[in-house]
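Predicted model, so just to flag it, every value in this text is computed and none were measured.
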Amino acid sequence: MTQAPRVDRYAAAGVDIAAGNALVERIRPLAAATRRPGVIGGLGGFGALFDLAACGFRDPLLVATTDGVGTKLLLAKEADRLEGLGIDLVAMCVNDLVVQGAEPLFFLDYLATGRLRPEAAGRVIGGIAEACRRSGCALIGGETAEMPGLYAADELDLAGFAVGAVERDAVLPRDVDAGDVVLGLASSGAHANGFSLIRLVLREQGLGLTDPAPFERQRTLAEALLAPTRLYVRSILAALREAPGTIHALAHITGGGLVENLPRVLPDGAVARLDARSWPLPPLFAWLKRAGRLDDLELARTFNAGIGMAAVVAAGDADRVAGLLRNAGETVYRVGQIVAGEGPPRVELLGQDVAWGDGAPAS
């Protein structure tokens, strides 16, 4: 009797185990390239092991973060620019670790899709591995979930998880006081925040991702809008090691912008008085302000407005710290100072009527 061909019922239901296995093999060398002291074993176990003692800490505290890339994912998928999403994912997590003075140790990703396409998923995870390598962070595991019925076949979603460590006596923020200077580190664009509003503005303006950017004609909108989030880890860790005690606080400027993120690292009674004339408003944000009909506050609390990381430093150390950060590749502006106030910490943003009023970049 001729045996009927075997039918893979799970594949018929929409889940391809073979594709998942192929993706693991594609990821394996990418993860191996991110290996750092502390990593034990490789991919494939039920859990990932990490030896904290091998990293040389004396009295460490662990710091953990998780994040995603928001609706930037929709534009990246439409433009077929998937590698940058992996960089965004890592950056949104490890930049949050370093603001507490922590060194990123390892990263895990979660990728969910309606139908697994190893080539596309491999491009995303390739970006994750690149960003991990650039941050000194090991990619030690993750999960790829194929869920037909929950996601359409061409949909995907991403989440990331990072763990770092910091010596107990080096945790930030600390010692923030009136007279401290606020340094701003330039962003690389919109990073991974405000993209629901960006997508609305594109629809209202009738623009597509292949169109020249109205604010930068030599690039398409896809190139300008999907620039990956800047990784600040190496430069900040270098400054913390070269000049210990000089940085009192750090704030990663994500959703909520300067006005909502900087107060998170300030003590009660502290006011961060920032001058918008002290750094240039990038053309992207000037255009979004005009095209999106945003007032100054909405711009400042939706986007990073050109500042992706803020550092609060002692006034006498501001020039030294700024120099260290510049030597590490950052563009640094002296954007304000801490003054004494009353009540919960807050930001006072001055000069935006001049710097941002007509949507033109500051000179």
Peer 1: Test L226 against every option in L221, L75, D88 by the side-chain contact (heavy atoms from CB on, under 4.5 Å) rule and name the one that passes.
Peer 2: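 Considering L221, L75, D88, a side-chain contact (heavy atoms from CB on, under 4.5 Å) with L226 is found only for L75.
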Peer 1: In terms of side-chain heavy atoms, does T71 have a donor or acceptor partner in S196 at a distance below 3.5 Å?
Peer 2: yes
Peer 1: Evaluate the side-chain proximity of R58 to D169: yes if any heavy-atom separation is below 4.5 Å, no if none is.
Peer 2: yes
Peer 1: Between A131 and G86, which heavy-atom pair has the shortest distance, and what is it?
Peer 2: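 Of all heavy-atom pairs spanning A131 and G86, the closest is CB-O, 4.4 Å.
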Peer 1: Just by modelled atom types, is the G269 backbone N or O under 3.5 Å from a matching donor or acceptor in the E342 side chain?
Peer 2: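 No.
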Peer 1: Roughly how far, to the nearest 0.5 Å, is CG of N304 from NE2 of H252?
Peer 2: 8.5 Å
Peer 1: With a 3.5 Å distance limit and no angle check, can you tell me whether T144 reaches the backbone of L111 through a side-chain donor-acceptor pair?
Peer 2: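 Not confirmed, T144 side chain does not pair with L111 backbone.
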Peer 1: With a 4.5 Å cut-off on side-chain heavy atoms, are Y333 and P280 touching?
Peer 2: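 Heavy-atom side-chain distance check passes, below 4.5 Å.
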Peer 1: If you look at every heavy atom in R168 and V171, which pair is closest and at what distance?
Peer 2: O-CG2, 3.6 Å
Peer 1: Tell me if a side-chain donor or acceptor on E223 pairs with a main-chain N or O of T220 at a distance below 3.5 Å.
Peer 2: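 Present.
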Peer 1: Could you go through the salt bridge (Lys or Arg N to Asp or Glu O under 4.0 Å) check for E348 and R346 one step at a time?
Peer 2: CA-CA 7 Å; E348 289 181 358; R346 67 184 191 278; 3.2 Å; yes
Peer 1: Contact between F107 and F161 at the side-chain level, heavy atoms closer than 4.5 Å - yes or no?
Peer 2: no
Peer 1: Considering residues, nucleotides and ligands other than R264, do more than 12 of their heavy atoms fall under 6.0 Å from its CZ?
Peer 2: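 No - once you tally the heavy atoms of other residues, nucleotides and ligands closer than 6.0 Å, there are 12 at most.
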Peer 1: Could you state the interatomic distance from CG (L299) to CG (L258), rounded to the nearest 0.5 Å?
Peer 2: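 These two atoms lie 10.0 Å from each other.
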Peer 1: Using modelled atom types only, decide if a donor and an acceptor are shared between the side chain of T246 and the backbone of A243 within a distance under 3.5 Å.
Peer 2: yes
Peer 1: Would you find a donor on one side and an acceptor on the other, under 3.5 Å apart, between the side chain of R35 and the backbone of I140?
Peer 2: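 A pair under 3.5 Å: no.
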Peer 1: Under the 3.5 angstrom rule, does the side chain of D67 hit a backbone N or O of L89 as a donor-acceptor pair?
Peer 2: no
Peer 1: ring-ring contact (aromatic ring centres under 6.0 Å, His included), that's the test. Do W287 and F215 meet it? Break it down for me.
Peer 2: CA-CA 6 Å; W287 175 74; F215 48 89; 5.5 Å; yes
Peer 1: If we ignore hydrogens and angles and just use 3.5 Å, is the side chain of D317 paired with the main-chain N or O of V313 as donor and acceptor?
Peer 2: no
Peer 1: Let me confirm one number: the CG-OG1 distance from D157 to T113, rounded to the nearest 0.5 Å.
Peer 2: 9.5 Å
Peer 1: Do D296 and L349 come close enough that some side-chain heavy atom pair is under 4.5 Å?
Peer 2: no
Peer 1: State, with a plain yes or no, whether a side-chain heavy atom of V99 is found less than 4.5 Å away from one of M309.
Peer 2: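 Touching, per the 4.5 Å side-chain cut-off.
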Peer 1: Should V176 and V271 be counted in the same cluster of Ile, Leu, Val, Met, Phe, Trp and Tyr side chains packed under 4.5 Å apart?
Peer 2: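 Result: no, two separate clusters.
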Peer 1: Looking at E216 and A213, would you say the former's side chain and the latter's main chain have a donor-acceptor pair under 3.5 Å?
Peer 2: no
Peer 1: What is the distance from atom OH of Y232 to atom CG of D96, rounded to the nearest 0.5 Å?
Peer 2: 12.0 Å
Peer 1: Evaluate R219 against D211 for salt bridge (Lys or Arg N to Asp or Glu O under 4.0 Å), listing each step before the verdict.
Peer 2: CA-CA 9 Å; R219 293 207 291 173; D211 293 330; over 6 Å; no
Peer 1: So, R234 side chain and R134 main chain: donor-acceptor pair closer than 3.5 Å or not?
Peer 2: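 Yes, R234 side chain to R134 backbone: donor-acceptor pair under 3.5 Å.
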Peer 1: Would you call L231 and V94 a side-chain contact if the rule is heavy atoms closer than 4.5 Å?
Peer 2: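 Of all side-chain heavy-atom pairs linking V94 with L231, at least one is under 4.5 Å.
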Peer 1: Cluster question for you: counting only ILVMFWY and a side-chain heavy-atom cut-off of under 4.5 Å, with indirect links fine, are I307 and L324 together?
Peer 2: no
Peer 1: Taking all non-hydrogen atoms of both residues into account, name the closest pair between P37 and C55 and its distance.
Peer 2: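 Shortest heavy-atom contact: O-SG, 3.5 Å.
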Peer 1: Measure the shortest side-chain to side-chain distance between C137 and V90 over non-hydrogen atoms and say whether it is less than 4.5 angstrom.
Peer 2: no
Peer 1: Verify the cluster assignment for L52 and L108: are they in a single hydrophobic cluster under the rule of side-chain heavy atoms below 4.5 Å apart?
Peer 2: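 Yes, it is one cluster - the side chains of L52 and L108 are joined through contacts under 4.5 Å.
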Peer 1: In Å and rounded to the nearest 0.5 Å, what is the CD1 to CG distance from I87 to L82?
Peer 2: 12.0 Å
Peer 1: Please test R117 against E146 for side chain to side chain contact (heavy atoms under 4.5 Å, CB included), starting from the C-alpha separation and ending with a verdict.
Peer 2: CA-CA 10 Å; R117 295 179 170 86; E146 193 172 20; over 6 Å; no
Peer 1: Would you kindly confirm whether M92 and L139 end up in one hydrophobic cluster when ILVMFWY residues are joined by side chain heavy atoms under 4.5 Å apart?
Peer 2: no
Peer 1: Give a yes or no on whether a salt bridge exists between D154 and R115, defined as a side-chain N under 4.0 angstrom from a carboxylate O.
Peer 2: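 No, no charged N to carboxylate O under 4.0 Å.
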Peer 1: Do V163 and V166 belong to the same hydrophobic cluster, where Ile, Leu, Val, Met, Phe, Trp and Tyr are linked whenever their side-chain heavy atoms lie under 4.5 Å apart, directly or via other members?
Peer 2: no
Peer 1: Nearest heavy-atom pair of L266 and A272: which atoms, and what distance?
Peer 2: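 So the two residues come closest at CD1-CB, 3.9 Å.
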Peer 1: Does the side chain to side chain contact (heavy atoms under 4.5 Å, CB included) test come out yes or no for V39 and F50, once each step is laid out?
Peer 2: CA-CA 5 Å; V39 174; F50 192 91; 4.1 Å; yes
Peer 1: Any luck finding a side-chain donor-acceptor pair between N193 and T254 under 3.5 Å?
Peer 2: no
Peer 1: Does the pair E242/R320 count as a salt bridge with the N-to-O cut at 4.0 Å?
Peer 2: no
Peer 1: If I take atom CZ from residue F303 and atom CG from residue L284, how far apart are they, to the nearest 0.5 angstrom?
Peer 2: 7.5 Å
Peer 1: Could you pull out the closest heavy-atom pair between A102 and L237, with the gap in Å?
Peer 2: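 Looking at all heavy atoms of both residues, the shortest contact is O-CD2, 3.8 Å.
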Peer 1: Are the charged groups of E103 and R241 less than 4.0 angstrom apart, N to O?
Peer 2: yes
Peer 1: With a 3.5 Å cut-off and no angle check, do the side chains of H248 and D180 form a donor-acceptor pair?
Peer 2: yes
Peer 1: Does a side chain donor of either S235 or E330 reach within less than 3.5 Å of an acceptor in the other side chain?
Peer 2: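 Result is yes, a qualifying pair exists.
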Peer 1: Kindly give the heavy-atom pair with the smallest separation between G255 and N261, and that separation in Å.
Peer 2: O-ND2, 3.2 Å
Peer 1: How are the rings of W279 and W356 set relative to one another: parallel (under 30°), tilted (30 to 60°) or perpendicular (over 60°)?
Peer 2: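 The arrangement is perpendicular - the two ring planes meet at more than 60°.
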Peer 1: Take D295 and K289, measure what salt bridge (Lys or Arg N to Asp or Glu O under 4.0 Å) needs, and give me the verdict at the end.
Peer 2: CA-CA 7 Å; D295 61 31; K289 185 176 191 297; over 6 Å; no
Peer 1: What I'd like to find out is whether the side chain of V312 reaches to under 4.5 Å of the side chain of V181, using heavy atoms alone.
Peer 2: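 Counting from C-beta outward, V312 and V181 never come under 4.5 Å.
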Peer 1: Run the side chain to side chain contact (heavy atoms under 4.5 Å, CB included) test on L85 and I128 for me, step by step, so that the C-alpha distance in whole Å, both residues' side-chain angles and the decisive distance to 0.1 Å come before the verdict.
Peer 2: CA-CA 8 Å; L85 285 178; I128 290 172; over 6 Å; no
Peer 1: Check whether more than 12 heavy atoms from other residues, nucleotides or ligands sit under 6.0 Å from atom CZ of R36, and answer yes or no.
Peer 2: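 More than 12 heavy atoms, drawn from other residues, nucleotides or ligands, come within 6.0 Å of this atom.
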Peer 1: Are D319 and R334 close enough, and set up right, to give a side chain to side chain contact (heavy atoms under 4.5 Å, CB included), and what steps lead you there?
Peer 2: CA-CA 9 Å; D319 289 342; R334 191 166 178 146; 3.6 Å; yes
Peer 1: Backbone N or O of R230 within a donor-acceptor pair of the N95 side chain at under 3.5 Å?
Peer 2: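 Side chain of N95 to backbone of R230: a pair is present.
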